[in-house]
There are 2 protein chains.
Amino acid sequence: MGITKTEHFTEQQNELSVLAKAIGHPARIAIIQHLIKVNSCVCGDIVNELPLAQPTVSQHLKELKNAGLIKGNFEGNAICYCLNEEGFGKIKVFFESINTYLENQKNQCC
Amino acid sequence: MGITKTEHFTEQQNELSVLAKAIGHPARIAIIQHLIKVNSCVCGDIVNELPLAQPTVSQHLKELKNAGLIKGNFEGNAICYCLNEEGFGKIKVFFESINTYLENQKNQCC
DNA sequence: TATTTATATTGCAATATTACGATAAACTAG
DNA sequence: CTAGTTTATCGTAATATTGCAATATAAATA
């Protein structure tokens with residue numbers, strides 16, 4: 001069906017899946033890594049950094065923005081992008097709990 | 001097209017995207033959370049934990065396994081599942097670098 | 001105002017994902 | 001061996017995602 005039965009899962013599970021899904025594409029990971037690498041807001045050169053056409057990049061940026069992983073503000077002609085702490089904060093909590101569990105785990109049978 | 005241009009991205013970017021994509025579904029997050037909650041290997045009750053048909057759950061388990069996020073061993077009639085540290089370790093590094101960046105970031109303009 | 005530059009939207013084709021019924025496969029118990 | 005239990009696979013329908021050409025929009029500047 002391609003349709004996810006979101007209504008059967010908790011709000012937290014759906015929220016986390018949206019965030020992870022947004023990260024689940026190499027182009028969007030490349031965008032995130034570029035924003036970190038440049039270490040400041042990036043105004044208008046994201047399209048040139050990626051091996052994809054402008055509409056495609058625009059779409060990926062939109063998805064990252066909708067998921068709350070990046071922010072974008074108009075800066076004259078261009079748009080400045082940077083990471084959005086809010087989205088990453090939510091994932092952080094999830095992965096920290098997993099890591100804590102894995103570190104303390106004793107009775108592993110697999 | 002629905003087809004990702006993986007050849008244009010680095011191996012690390014593709015690997016991370018596969019892991020994030022595998023987590024990017026509420027059913028698969030529910031599976032991960034259940035394995036943590038029970039705090040031991042879970043042998044054969046995963047299907048009953050999820051509001052989805054057995055073939056669908058089997059498919060989700062397969063995807064988590066292929067991505068390296070869970071392990072599954074035959075235990076007589078049933079199969080025992082638990083988290084796979086290897087997969088989560090790779091994501092951990094990625095998110096730690098993002099968190100370090102976000103914590104030290106000074107010149108935010110967005 | 002007209003032109004240029006940067007980004008977004010639309011529309012569409014190709015492919016991927018999600019879900020499940022039917023069925024198969026593998027093991028246990030009797 | 002037969003029946004029951006558990007998990008995997010196949011086949012298929014419905015929907016989602018990816019990518020881009022064409023086009024629209026918006027701001028800056030001449």
Side-chain angles (χ1 to χ4, degrees), chain A residues 1-9 13-14 17-31 34-35 41-67 69-82 110, chain B residues 1-9 13-14 17-31 34-35 41-67 69-82 110:
Chain A
M1 303 177 175
I3 189 168
T4 298
K5 290 188 151 184
T6 51
E7 71 275 14
H8 292 320
F9 299 99
Q13 286 165 344
N14 286 317
S17 72
V18 167
L19 289 162
K21 204 172 183 178
I23 300 174
H25 191 288
R28 297 194 286 266
I29 290 190
I31 290 171
H34 181 62
L35 291 178
C41 292
V42 171
C43 301
D45 69 339
I46 301 227
V47 171
N48 302 322
E49 285 295 320
L50 292 179
L52 296 170
Q54 180 267 322
T56 308
V57 175
S58 183
Q59 205 170 267
H60 284 305
L61 287 167
K62 191 179 173 185
E63 282 177 61
L64 284 170
K65 207 170 166 184
N66 286 343
L69 290 166
I70 65 172
K71 286 185 281 187
N73 292 333
F74 279 94
E75 180 86 9
N77 212 9
I79 293 189
C80 287
Y81 286 105
C82 62
C110 297
Chain B
M1 301 179 177
I3 191 168
T4 298
K5 290 188 150 184
T6 51
E7 72 275 13
H8 291 322
F9 299 98
Q13 286 164 344
N14 285 317
S17 72
V18 167
L19 289 163
K21 203 173 184 177
I23 300 174
H25 191 289
R28 297 195 286 265
I29 290 189
I31 290 171
H34 181 61
L35 291 178
C41 292
V42 171
C43 301
D45 70 338
I46 301 227
V47 169
N48 302 322
E49 284 296 319
L50 292 179
L52 296 170
Q54 179 267 324
T56 310
V57 175
S58 183
Q59 205 170 266
H60 283 306
L61 288 167
K62 190 179 173 185
E63 281 176 62
L64 285 170
K65 208 169 165 185
N66 287 342
L69 291 166
I70 66 172
K71 287 184 281 188
N73 292 333
F74 278 94
E75 181 86 8
N77 213 8
I79 293 189
C80 286
Y81 286 106
C82 63
C110 295

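Throughout, a chain's letter reflects where its sequence line sits, starting with A, and its residues are numbered from 1.
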Could you tell me how far apart E49(A) (CD) and dA6(C) (C1') are, to the nearest whole angstrom? 16 Å
Nucleotide nearest A53(B) (side chain, heavy atoms from C-beta), chosen from dA21(D), dA6(C), dC20(C): dC20(C)
Nearest atoms (heavy-atom pairs only) where L52(B) meets K5(A): CD2-CD, 3.6 Å
When K21(A) and F74(B) are each assigned the nearest nucleotide of DNA chain C, the 5'-most assignment goes to K21(A)
Could you tell me how far apart K5(B) (NZ) and dT15(C) (C1') are, to the nearest whole angstrom? 14 Å
Report the residue (T6(B) or T4(A)) whose heavy-atom-nearest nucleotide on DNA chain D is the more 5′ of the two. T4(A)
Would you say dT17(C) has OP1 or OP2 under 4.0 Å from some side-chain N or O of H60(B)? no
In terms of heavy-atom contacts, H60(B) and I31(B) come closest through CB-CD1, 4.1 Å
Within the distance-only criterion (no hydrogens, no angle test), does the side chain of S17(B) pair as donor or acceptor with the backbone N or O of N14(B) below 3.5 angstrom? yes
With a 4.0 Å limit, can you tell me whether S58(B) has a side-chain N or O closer than that to the phosphate oxygens OP1/OP2 of dA8(D)? yes
Pick base, sugar-phosphate or nothing for L52(A), based on heavy-atom distances below 4.0 Å to the nucleic acid. sugar-phosphate
Which nucleotide wins on minimum distance to the side chain of K62(B), given the candidates dT7(C), dT9(D), dA19(C)? dT9(D)
Please tell me which of the listed nucleotides, dT9(D), dG19(D), dA16(D), lies nearest to the side chain of H25(A)? dG19(D)
Of the listed nucleotides dA19(C), dC20(D), dT6(D), the one nearest the side chain of T56(A): dC20(D)
Roughly how many Å is it from CG in N73(A) to P in dA8(C), rounded to a whole number? 12 Å
At their closest point, which heavy atom of V57(B) faces which heavy atom of V47(B), and how far apart are they? CG1-CG2, 4.0 Å
As a test of reading the structure: which of dT15(C), dA16(D), dT7(C) is closest to the side chain of I3(B), going by heavy atoms? dT15(C)
How do Q59(B) and Q54(A) order along DNA chain C: which one's closest nucleotide is nearer the 5' end? Q54(A)
Length of the line joining E7(B):CD and dG19(D):C1', which is rounded to integer Å: 12 Å
Integer-rounded Å distance: dA6(C) P and L61(A) CG: 15 Å
Among the candidates dA8(C), dT7(D), dT9(D), find the nucleotide nearest to the side-chain atoms of I79(B). dT7(D)
Below 4.5 Å, heavy atoms only, C-beta onward: do L50(B) and H34(B) meet side chain to side chain? no
What is the separation between atom CG on N66(B) and atom P on dA8(D), rounded to the nearest whole Å? 11 Å
Among dC20(D), dT9(D), dT17(C), which is the nearest nucleotide to the side chain of P55(B)? dT9(D)
Select from E63(A) and N77(A) the residue whose nearest nucleotide in DNA chain D is closer to the 5' end of that strand. E63(A)
